Amino acid sequence: MKNGKPKVGVLALQGDFEAHGKALARAGADPVEVRTAAELDSVDGLVIPGGESTTMLKLLHYENLFEPLRAFGAAKPIFGTCAGAILLANDVSHPRQESLGLMDIGVQRNAYGRQLDSRIARLEPGEESRLTDADIEAVFIRAPIIRRVGGQARVLASYAGDPVLVEQGRHLVATFHPELTEDPRVHALFLDKVRENGR
Amino acid sequence: MYMDEQFRLKVGLAEMLKGGVIMDVTNAEQARIAEQAGAAAVMALERVPADIRKEGGVARMASIKVIREIMNTVSIPVMAKARIGHFMEARVLEALAVDYIDESEVLTPADEEHHIDKREFKVPFVCGARNLGEALRRIAEGAAMIRTKGEAGSGNIVEAVRHIRTIVKEMKQLTVLGKEELVHEAKNLQAPLELVEWVAKNGKLPVPNFSAGGIATPADASLVMQLGAEAVFVGSGIFKSSDPEARAKAIVKAATYFKDPAKLLEASEELGEAMPGLEIGKLAEGELMQTRGW
């Protein structure tokens, strides 16, 4: 914490980490890019951005960051969007791939189809979401679908019947990209988790 | 600048590719190797630029069968090239549902005056540029990602460096000009005033700015990223080298750790031979690919 601003890392191996940095700053955090285990050690929470989950997985292994990241998640909050949600899940399909398994959800990759099926939708937040004052604009880009939500996880918002914003304890995932909008509420929700965890 | 929903989605996918490497592939096996090495996307084409240069003839959109096999093989985005101005090749690629189209000077131009009106398409486009005016003209036509042209198939980074430096310098210059001076600059750049004003205010392009054309080593990738590129395209550099797998991995690492010489050194060990390079000055005017388009 610096001046009451939580220091939040953005995993900057590949993807839209720059957009997340800006979104975190708008929501009141002090964002830093994380590419090494030492940088990971210095932050109170972490965002795993959108991008290509296969690419991020390769780089996590090239740099021996996979286990440090899993250990980080056992103690501190992680927010995964799109590729980040895929990495946090404990079960990934289409095709099957390794993941951190920090959340009890099953995720199907590229589940809407190709880029031509990317879309912008309006979500009605669920009662429990703490985001109830207005719709959320959700940008889906070659997005995954959360096919299974385990008992410990809670659905905060859905689109077309599928969960798209889910929390489990200190962690949060979105299959869409709040960082590609001006609305800071989803990032603010994550910052609440970072602050709660620091207490 | 007017960003409708469709354009935001096009730019959105480009955002997802930042910090990544987009690799040229000519078949499904190469695409698999690229994905395994950590490519953020692959670019399907008939022949890599070095072979187009060597063999000559008309270079066209890749065969549909090959592109489809590549799409069925990898889970990362698949791009494909269409000839400059060939909006029907682009329509075919859109119908095939590729994720991005590169309206590319590497292929033989189909139209010597007009580029494709990319706003009419739902599929996003990337286009090459050598300077800011060219970049802004392509964006005005609907391109959602810009890359330097460099000199494809040369294995020589000098042109990509020239182009990224030129674009970055021209953007910096705009940021200190007054309103009436921007009107004059729009005329010089042959670009719409609205886009010139956007760049002057923000100091960057309104779409992601990547680099291509001559990247052959991890150090080349780091160099153009240090100069302002947000991701890199590697064409002949991987599959014309002696050990494509190792080189692809090394360039992926270099694109992430581009500011870290120690990591770059690590990535550059035991790489085998790079592709053979060409001196740009020894190429005849007609052999240059970067002068195609305007």
Side-chain angles (χ1 to χ4, degrees), chain A residues 10-20 22 33 35-36 39 49-63 65 81-84 86 92-97 108-111 113-122 137 139-144 176-177 179-182, chain B residues 3-22 34-42 71 73-79 93-101 121-124 144 204 208 230-231 248-250 252-253 255-260 262-263 266-267:
Chain A
V10 184
L11 191 67
L13 299 179
Q14 193 272 319
D16 72 334
F17 48 86
E18 188 195 348
H20 267 292
K22 287 181 183 157
E33 292 183 358
R35 292 184 179 83
T36 63
E39 287 165 343
E52 285 307 313
S53 60
T54 52
T55 304
M56 291 184 206
L57 266 177
K58 297 291 170 197
L59 284 158
L60 286 176
H61 284 301
Y62 292 161
E63 295 305 320
L65 278 173
T81 61
C82 197
I86 294 168
V92 179
S93 62
H94 190 239
R96 299 206 72 78
Q97 72 184 30
Q108 180 188 350
R109 293 182 59 208
N110 297 331
R114 307 197 68 92
Q115 171 63 10
L116 289 176
D117 304 295
S118 291
R119 64 197 70 192
I120 296 180
R122 304 254 155 210
E137 184 186 48
V139 182
F140 293 96
I141 294 178
R142 286 173 45 92
F176 58 94
H177 295 282
E179 73 279 12
L180 296 184
T181 70
E182 300 291 315
Chain B
M3 289 278 257
D4 63 9
E5 286 202 353
Q6 192 151 294
F7 196 64
R8 284 175 63 200
L9 288 170
K10 292 174 175 178
V11 173
L13 180 54
E15 290 285 337
M16 299 308 145
L17 298 172
K18 283 186 178 177
V21 183
I22 300 143
E35 184 179 49
Q36 283 300 312
V42 290
M71 289 167 69
T73 301
V74 296
S75 64
I76 54 179
V78 176
M79 304 186 179
L93 292 173
E94 183 179 53
L96 182 61
V98 300
D99 297 297
Y100 240 93
I101 295 176
F121 287 74
K122 198 176 173 203
V123 66
K204 62 188 195 83
E230 297 170 299
K249 268 189 200 173
V252 166
K253 287 187 210 174
T256 296
Y257 296 98
F258 67 94
K259 288 180 195 158
D260 186 338
K263 293 253 196 258
E266 211 179 284

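Here the structure is a predicted model, which means the values were calculated and not measured. A note on names: the letters A, B, ... follow the listed sequences, proteins ahead of strands, and every chain is numbered from 1.
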Margin query: Are the side chains of B:Met16 and A:Leu180 in contact, using a 4.5 Å heavy-atom criterion?
Written below: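 A:Leu180 vs B:Met16: side chains touch.
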Note to self: Let's test your reading of the structure: which of A:Arg114, A:Gln97, A:Arg119, A:His94 forms the most heavy-atom pairs below 4.5 Å with chain B?
What the structure shows: A:Arg114
When heavy-atom pairs shorter than 4.5 Å are enumerated against chain A, which of [options] gives the highest number?
{"options": "B:Ala40, B:Gly20, B:Pro77, B:Gly12", "answer": "B:Pro77"}
{"options": "B:Val21, B:Val252, B:Val11", "answer": "B:Val252"}
{"options": "B:Glu35, B:Glu266, B:Lys249", "answer": "B:Lys249"}
{"options": "B:Ala39, B:Gly19, B:Ser75", "answer": "B:Ser75"}

Given a strict heavy-atom distance threshold of 4.5 Å, which part of [X] is in contact with chain B: side chain, backbone, both, or neither?
{"X": "A:Ala12", "answer": "backbone"}
{"X": "A:Ile120", "answer": "both"}
{"X": "A:Ile141", "answer": "side chain"}

Next item on the list: For the pair A:Thr54 and B:Val74, evaluate side-chain contact (heavy atoms from CB on, under 4.5 Å) and give the outcome as yes or no after the intermediate values.
Entry: CA-CA 10 Å; A:Thr54 52; B:Val74 296; over 6 Å; no
Check: Sub-3.5 Å donor-acceptor pair from the side chain of A:Thr81 to the main-chain atoms of A:Phe176, do we have one?
Finding: no
Checklist line | Check: A:Gln115 side chain, B:Leu9 main-chain N or O, donor-acceptor pair, under 3.5 Å | finding: yes
Notebook entry, point to check: Taking NZ, NE, NH1 and NH2 as the nitrogens, is one of them in B:Glu230 or B:Lys204 under 4.0 Å from a carboxylate oxygen of the other?
Noted result: no
Checklist line | Salt-bridge contact A:Arg35-A:Glu63 (side-chain N to carboxylate O under 4.0 Å) | finding: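 No, no charged N to carboxylate O under 4.0 Å.
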